[in-house]
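All ligand and atom numbering here is 1-based and tracks the order in the structure. Keep in mind the model is a prediction, meaning the values are calculated, not measured. Values below: every heavy atom of this structure, side chains too, minus hydrogens, waters and symmetry copies.
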Amino acid sequence: MDSKQETFRITRRKFVASSAAVLATSGFAHRANAGGALAGQPSEQGKSDGKPDRGPSRGPFRVVIDTDPGVDDALALLLAMRSPELKIEAITPVAGNVPLDLTLPNALRMVEIAGRTDIPVAGGARAPLMRRLVTATYAHGENGLGGAVFPEPTTKPVTTPAAEMIRQIVRKYPGEVTLITIGPLTNIATALNSDPDLASMVRGLVMMGGSLSGGNITPAAEFNVYVDPEAARIVFQSGIPVTMVGLDVTRRTSLTDDHVRTLEAAQNPVSQAAAKIGRNAINHNRDRGFLVGPNMHDSLAVAGFLDPAILKWQDYYVDVETTGELTAGETLGYSPVAGDLRRRPGMEKEAAATNMPIRGSAPTLASTRTSPVLRDKFVPNTKVAVEVDSARFFDLLIGRLSGSK
Ligand SMILES: [Ca+2]
């Protein structure tokens, strides 16, 4: 194992310690390689230094893909299964965009289309940890695939439940497995809850989810976090180095007619299926009067893992609102280089290390608390994607799906 790989085999303790150490020495949190949740990331993520971009030529990386197909999940799964950099240990469907009774067969359909029935598919949670399931058929159609119809799968899921499957795989390969989560985080939180040592054995978690710039299902919340905010909070607070590919970047990835035509022109089962899903999704969006999209949210998380140069990153401490009447599922990003808390260059490291509080809401009059909640000092737990090279992303996505890359 080389030194870069070693960086990613990082425990919560090391993650926190190294983050603080880097902050204390570099002064620029967004240039620090404090967590490295993306297995393929270069040492200084998103750094624009004129060096040639590193193409998607690393790996293979052991991954588990947790998913709720889902139009963009379907394309993300096909992309992943066409990517030799990934050793997909399992696909673990969860309830989300549509109920598990649809996300599970939809995942099985994708492994059959890709000719990858060697990948175990393990059914997961039917409902969030503490809430009733809210689905997104308004965006994904009643069948979850934008109305694109495929035959019933003949492949069966494995009998092991998703959370247990995740636990077993991570324990089998400690420090090696990256969790790519493109649905609500119920399965992951269930696995973490079942095994207190598990988080320290996970190499990293790449999440499509969250937003620091407003939501899509409510003004505050992105859908995956909205569906199961308690699960998302468990993940962010787990100590696993998290990479968050949220709406800040994914809403800049609209699939177009040109993309679909390229897929249609390629004569292979994956491109034909992707084209069919994409065509239906575009038509569905138009029928509903959406001006943009469909956005390829989930594919961007996979693509950013394959080719880190697609995204640029900034370190944040991210937490999830779980009690808001209107805002449950909102992701909040604390950073000494963001918002009203920005500091002059040179002051950032001091501010971050000494006096930037992670502050909660003011206490109510009825509360027994006597002061604002000063919960902790700033230590980043998440790399948030803040910029996207959309053209480079679609080159990879359409290229892989059409078989030309
Ligand atoms: Ca999804």
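The aromatic rings of F61 and F305 sit perpendicular, their planes meeting at an angle over 60°, well past the 30° parallel limit.
Below the 3.0 Å limit, the Ca ion (ligand 1) has as protein N, O or S neighbours D68 OD1, D73 OD1, D73 OD2, I182 O, D298 OD2.
The line from OG of S402 to CZ of R261 is 15.0 Å long, rounded to the nearest 0.5 Å.
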**OP:** Just do the salt bridge (Lys or Arg N to Asp or Glu O under 4.0 Å) check on R109 and E112 with the steps written out, would you?
**Re:** CA-CA 5 Å; R109 288 181 174 99; E112 289 186 352; over 6 Å; no

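Between the side chain of Q272 and the backbone N or O of A266, at least one donor-acceptor pair lies under 3.5 Å. Between the side chain of N187 and the backbone N or O of A162 there is no donor-acceptor pair closer than 3.5 Å.
Screening L247, L300, V249 for a side chain to side chain contact (heavy atoms under 4.5 Å, CB included) with M208, the sole residue that qualifies is L247.
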